[in-house]
Protein chains: 2
Amino acid sequence: MPKIGMEPLRRKALVDAALRAIADHGSLSVTMSDIARQAGVSPALAHHYFGSKEQLLVETVRSLLRQLRDDTVTALKAARTPREKLSVVIRVSFQADQFAPETIAAWLAFYAEAQRSEETRRFLVIYARRLRSNLLANLKRLCPPDAAGRIAEGAAAMIDGLYIRQSLKSAPINIEASIGLTEDYVTMQLRGIE
Amino acid sequence: MPKIGMEPLRRKALVDAALRAIADHGSLSVTMSDIARQAGVSPALAHHYFGSKEQLLVETVRSLLRQLRDDTVTALKAARTPREKLSVVIRVSFQADQFAPETIAAWLAFYAEAQRSEETRRFLVIYARRLRSNLLANLKRLCPPDAAGRIAEGAAAMIDGLYIRQSLKSAPINIEASIGLTEDYVTMQLRGIE
DNA sequence: TTTTGTTGATTGATCAGTCAATCAAAATTA
DNA sequence: TAATTTTGATTGACTGATCAATCAACAAAA
């Protein structure tokens, strides 16, 4: 069975397994054994490739972020006007796989972890900046810079807030309603500027 | 030293200590020893009064919630019109002690915990409902019910989102700016209705 | 033979939870 | 009032379980 070139495959399998394990368990206090079992390898192998649990977790949040960025870049290609691009950024944030309970649970766990892990915080800050700048760049073509900044901040907050609230699963706001609420905010704000 | 009637005092001291310990540590994986040390008693005593760590944590989130409710009720008494009351609800959410980094860290940790602890989730659902209904009741006097529902949902999401984003401490949105953003949303939405 | 992949076994640390024992105030009795 | 019993408060020491991390060893490929 042991063949050459396993490393990238194992790394990916372990990161994916970590994501699933975190989602199942609902927190980052999953064991390396859980993760390794999900990936079908021994716990020792996880340590072999990642050195420590912390590092595996960091790679996991990194992959979550990469996925979101790639989805955004792809979706953005299909949009032409600034207003369309704004809609795309909003829509991608609430996309099915981002809105899946497991994904939400993982994001939430990482937000909590960011209070302790400098590296995790750095990644989440990158996410926050990226969202803000994606919104800002397009808003600036539709309204004055100061208003653009304000609206970007508000829209980003609303997106994150809808996301968090979704994690409680009590008032199941669906995807379309979430998009609608955010779109509505942007539209009304822009209309108010004119 | 041992006197009668210590129980309520110890319970309160332990809950307060738990809150501080969670804030310091940035997560719920604090040890009973940490908490007990903060409270100046032995770990065994914490177990004696709460039975388990989970139960102590549940009491802690309960106390966080009670504080917020009391603050809201008090502040609401000073407001007369529905619009004033809306402002009060928004302002209390961003009140200094709610916005303190330690408090934010604790809320975040409990949100993550809610993925696993049924009881914790119940409390957070209560918080979400209370915020929604405080907003909704007043909005209904200012606009049609369906619009009121929508605006309440949006405002609640924005409040939670601003709160979460604060936890990253990267883009330090201050209290007044957060209030301004939320007020602006409500104002614009209401204006749009007329 | 060297390199890469892989694991079982083990270690050392950490922690929640338990328990028996102590101590001092309060209640009861003499 | 003095002697006693009871009760609540409190802890140190311990246990059992869990887990991250290590390591020596082996297997297959180069």
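What you see is a predicted model; the values in this text were computed from it and never measured. Naming convention: chains lettered A, B, ... in sequence-line order (proteins, then strands); numbering from 1 in each chain.
The side chain of A/R10 places an N or O atom within less than 4.0 Å of a non-bridging phosphate oxygen (OP1 or OP2) of C/dT6. Neither OP1 nor OP2 of D/dG8 sits under 4.0 Å from any side-chain N or O of B/Y49.
Of the residues in residues 19-41 of chain B, those lying under 4.0 Å from DNA chain C by heavy-atom distance are B/V30, B/T31, B/M32.
Residue-environment remark: CZ (B/R91) stays at or below the threshold of 12 foreign heavy atoms within 6.0 Å.
Across C/dT18, C/dT6, D/dT22, the shortest atom-to-atom separation from the side chain of A/H47 is found for D/dT22. Listed nucleotides: D/dC23, D/dA9, C/dC19. Nearest to the side chain of B/M6: D/dA9. Checked against C/dG5, D/dA9, C/dT18, the side chain of B/E7 finds its nearest nucleotide in D/dA9. Closest contact between the side chain of A/K53 and the listed nucleotides C/dC19, D/dA20, D/dT10 involves D/dA20.
Residue pairs meeting the side chain to side chain donor-acceptor pair (under 3.5 Å) criterion with at least one partner in residues 139-148 of chain A, sequence neighbours excluded, are absent.
B/F50 comes within 4.0 angstrom of no nucleic acid atom, judged by non-hydrogen atoms across all strands.
Among residues two or more places apart in sequence or in another chain, the ring-ring contact (aromatic ring centres under 6.0 Å, His included) test is passed with B/Y49 by none. Not counting sequence neighbours, A/F123 has no partner by the ring-ring contact (aromatic ring centres under 6.0 Å, His included) test. For the salt bridge (charged side-chain N to carboxylate O under 4.0 Å, His left out) test, no residue two or more places apart in sequence or in another chain qualifies with A/R66. Judged as a side chain to side chain donor-acceptor pair (under 3.5 Å), and not counting sequence neighbours, the contacts of A/R116 are A/E113.
Checking B/L45 against A/G51, the closest nucleotide of DNA chain D that is more toward the 5' end is the one next to B/L45.
Distance, A/R11 CZ to C/dT4 C1': 14 Å, rounded to whole Å. As rounded to whole Å, 11 Å separates atom C1' of D/dT7 from atom NE2 of B/H48.
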